[in-house]
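Scroll down for the structure; my scribbles are underneath it.
What you see is a predicted model; the values in this text were computed from it and never measured. Along the sequence shown, residues are numbered consecutively beginning with 1.
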Amino acid sequence: MSVRTAGLRPGTTQLAETTKRTPRSLALVVLAAGKGTRMKSSLPKVLHPVAGKPILWHVIQAGLAAKPTKIVVVVGHDAELIEAEVRSWDLSPKPVFVVQRPQRGTAHAVQVARKAVGRVSDVVVANGDFDPVTPDDVRALIRSHRRSGAAATLLTSIMDDPGTYGRVIRDARGRFIEIDEDRATPGAEDIDEVATNWIAFAPRALFASLPLIDAKTRQKERYLNRIYPLMRERGERVNAILADTGGAMGANSLAGLAGLERLMRGRINAAHMANGVTLVDPETTYIGADVSIGPGTVIRPMSFLEGATTIGEGCDIGPSTRLIDTEVGDRCRVTFAVANLAVLGDDVDAGPFAYLRAGTELAEGVHVGTYVEIKGSTVGEGSKVPHLSYVGDASIGADTNIGAATVFVNYDGYTKHRTDVGDRVRIGSDTMLVAPVSVGDGAVTGAGSVITKDVPAGALAVARGEQRTVEGYRERQDAKRAAKPRSKTKSKRIAKGQGA
């Protein structure tokens, strides 16, 4: 905002004239109409996962760094599937979808999006198969484009092996000239700078030039990168600035997808380490794009943290642990374990070889030990399920101990039933709790019991057959065995030295 005060007399109350600068608007246009035949998959290319999120999600997340006022997604093949997935991300601003049918190339895709783009100050175009630029790269692209007043500004990258990617041709002063797709320019084979599919445009120059792009290509399609010579012929300025894509480009094949996965996983791991998380071996640690980890936490090798998993501060996770959409509090220890849609409070110790299934909620200080499976159950503060047990559809109170080899029998073959165990309960080893059943506060069950009826608070429940002791049994049985004549076949085998 600028304020003009010239001519005002001291002591007057005249308001200064103010002039507001109109904020720039920007449309992010994402091209996601291609079929992706080289992926050899029924899943649309743009929905293949990278670091636990679809490729297209990564594209839009990077594009949001430009602060778009509009998001336009051009779809074609599997349009309904892609639209449903993108809508589930709850983006702001809400995306507008444009169908490109038939698909006649990237230039045609941008042209069919013109009406949805409307009147904006800038347009950023990105391919849905994700040349992996960072949000900082996108912000740099916008800054350079706006400061230069260029008709187009594209991001480029240096690659060790440019392969078949279009080479960036510059003049002797380093100014951008064109993209050479066929490497027809002398010396183009030696150029290692290639074009990404992230481009900022001035809308007027973009939509005036698009109709001039012909389809004289092998695929008879109209390609967007052929717009630059047309703009230059009309005296428009075209710039190119470098970005670091880590040596990877878009996911045009499953091999390319694997390269993107490695790159993005490295970036994610580096960001966590910069925030105070120790990764003992980053090369064998897999962390999804949505995972949150507190400082002071150690992640050990061969751990997989996926989905919307959150881990607090000062935890020790792994080795060989998989957490999916799981919430872990502070100072937890989870070793050789799997948890899916589980909640672990502070100071929980789980594993080794524990399986925490959906609906598991462990309160502060809970211990879950070796070969324990818990599903759809809550375990109260300070309680322990140490060994070889199954807890299903149950609530366990505070300071309760579940003895080894206890089974919560929750299924009668038709319906799941619940078991309620109170506070300070001692469940004896090898107890079967046959639901529906409840065990009151302070109660005890005898080892080897099958509990089918409610146990009152403070009571002892024992449900097993009475032990019978037969004196001298072993001696008599051994004598009977020795007195029996051996079979002829066996005697002959022994005589030949073959043994019993």
I'd like to check [X] versus [Y] (side-chain heavy atoms, cut-off strictly below 4.5 Å). Are they in contact?
| X | Y | result |
| --- | --- | --- |
| R24 | R146 | yes |
| L323 | I311 | yes |
| M249 | V194 | yes |
| N197 | V125 | no |
| H48 | S41 | yes |
| R222 | R104 | no |
| V96 | I71 | no |
| I317 | R300 | no |

Between [X] (side chain only) and [Y] (backbone N and O only), is there a donor and an acceptor less than 3.5 Å apart?
| X | Y | result |
| --- | --- | --- |
| S377 | I374 | no |
| T326 | A339 | yes |
| T106 | Y223 | no |
| S148 | S144 | yes |
| D171 | G174 | yes |
| T278 | V298 | no |
| E261 | A51 | yes |
| K53 | A289 | no |
| N340 | R357 | no |
| D346 | D330 | yes |

Looking only at non-hydrogen atoms, find the nearest pair between [X] and [Y] and report the distance.
| X | Y | answer |
| --- | --- | --- |
| Y165 | M159 | CD1-SD, 4.0 Å |
| G380 | V366 | O-CG2, 3.1 Å |
| A65 | P135 | CB-O, 3.5 Å |
| Q103 | H77 | OE1-NE2, 3.2 Å |
| L31 | N127 | CD1-OD1, 3.4 Å |
| V59 | G128 | CG2-O, 3.7 Å |

Between the side chains of [X] and [Y], does any donor sit under 3.5 Å from an acceptor?
| X | Y | answer |
| --- | --- | --- |
| Q100 | H108 | yes |
| R418 | S395 | no |
| N269 | R267 | no |
| T245 | D131 | no |

NZ/NE/NH1/NH2 to OD/OE distance under 4.0 Å, [X] and [Y]:
| X | Y | result |
| --- | --- | --- |
| R87 | E83 | yes |
| R167 | D180 | no |
| R226 | D214 | yes |

Quick one: pull up [atom1] in [X] and [atom2] in [Y] and give me the separation to the nearest 0.5 Å.
| X | Y | atom1 | atom2 | result |
| --- | --- | --- | --- | --- |
| T285 | M273 | OG1 | CE | 8.5 Å |
| Y390 | E373 | OH | CD | 6.0 Å |
| C332 | L344 | SG | CG | 5.5 Å |
| S121 | R204 | OG | CZ | 13.0 Å |
| T134 | M264 | OG1 | CE | 9.5 Å |
| D347 | H367 | CG | NE2 | 14.0 Å |

- Pair D137-T196, side-chain contact (heavy atoms from CB on, under 4.5 Å): steps then yes or no: CA-CA 12 Å; D137 292 327; T196 76; over 6 Å; no

- Message: Set out, in order, the CA-CA distance, both residues' side-chain angles and the distance that settles side-chain hydrogen bond (donor to acceptor under 3.5 Å, both in side chains) for R234 and S209, then state yes or no.
- Response: CA-CA 9 Å; R234 298 174 58 184; S209 301; 3.3 Å; yes

- Scan V29, T153, I227, V124 and name whichever one has a side-chain contact (heavy atoms from CB on, under 4.5 Å) with F201.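 Among V29, T153, I227, V124, the one meeting side-chain contact (heavy atoms from CB on, under 4.5 Å) with F201 is I227.
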
Decide if atom [atom1] of [X] counts as having more than 12 heavy atoms of other residues, nucleotides or ligands within a radius under 6.0 Å.
| X | atom1 | answer |
| --- | --- | --- |
| R331 | CZ | yes |
| K67 | NZ | no |
| Y371 | OH | no |

- Query: Step by step, would you call E193 with T156 a side-chain hydrogen bond (donor to acceptor under 3.5 Å, both in side chains)?
  - Reply: CA-CA 7 Å; E193 183 182 6; T156 66; 2.6 Å; yes

- Task: Please report the C-alpha distance between Y286 and I299 in whole Å, then the side-chain angles of each, then the deciding distance to 0.1 Å, and finally whether the side-chain contact (heavy atoms from CB on, under 4.5 Å) criterion is met.
- Result: CA-CA 10 Å; Y286 298 77; I299 310 296; over 6 Å; no

- side-chain contact (heavy atoms from CB on, under 4.5 Å) between H58 and V50, intermediate numbers included: CA-CA 8 Å; H58 290 280; V50 170; 3.9 Å; yes

- Item | Parallel, tilted or perpendicular: ring planes of F353 versus F336, cut at 30 and 60 degrees |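 Aromatic pair F353/F336 classed tilted.
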
- Message: As a quick check of understanding, evaluate side-chain contact (heavy atoms from CB on, under 4.5 Å) for R170 and E178, giving each step before the final call.
- Response: CA-CA 7 Å; R170 296 179 182 267; E178 64 177 344; over 6 Å; no

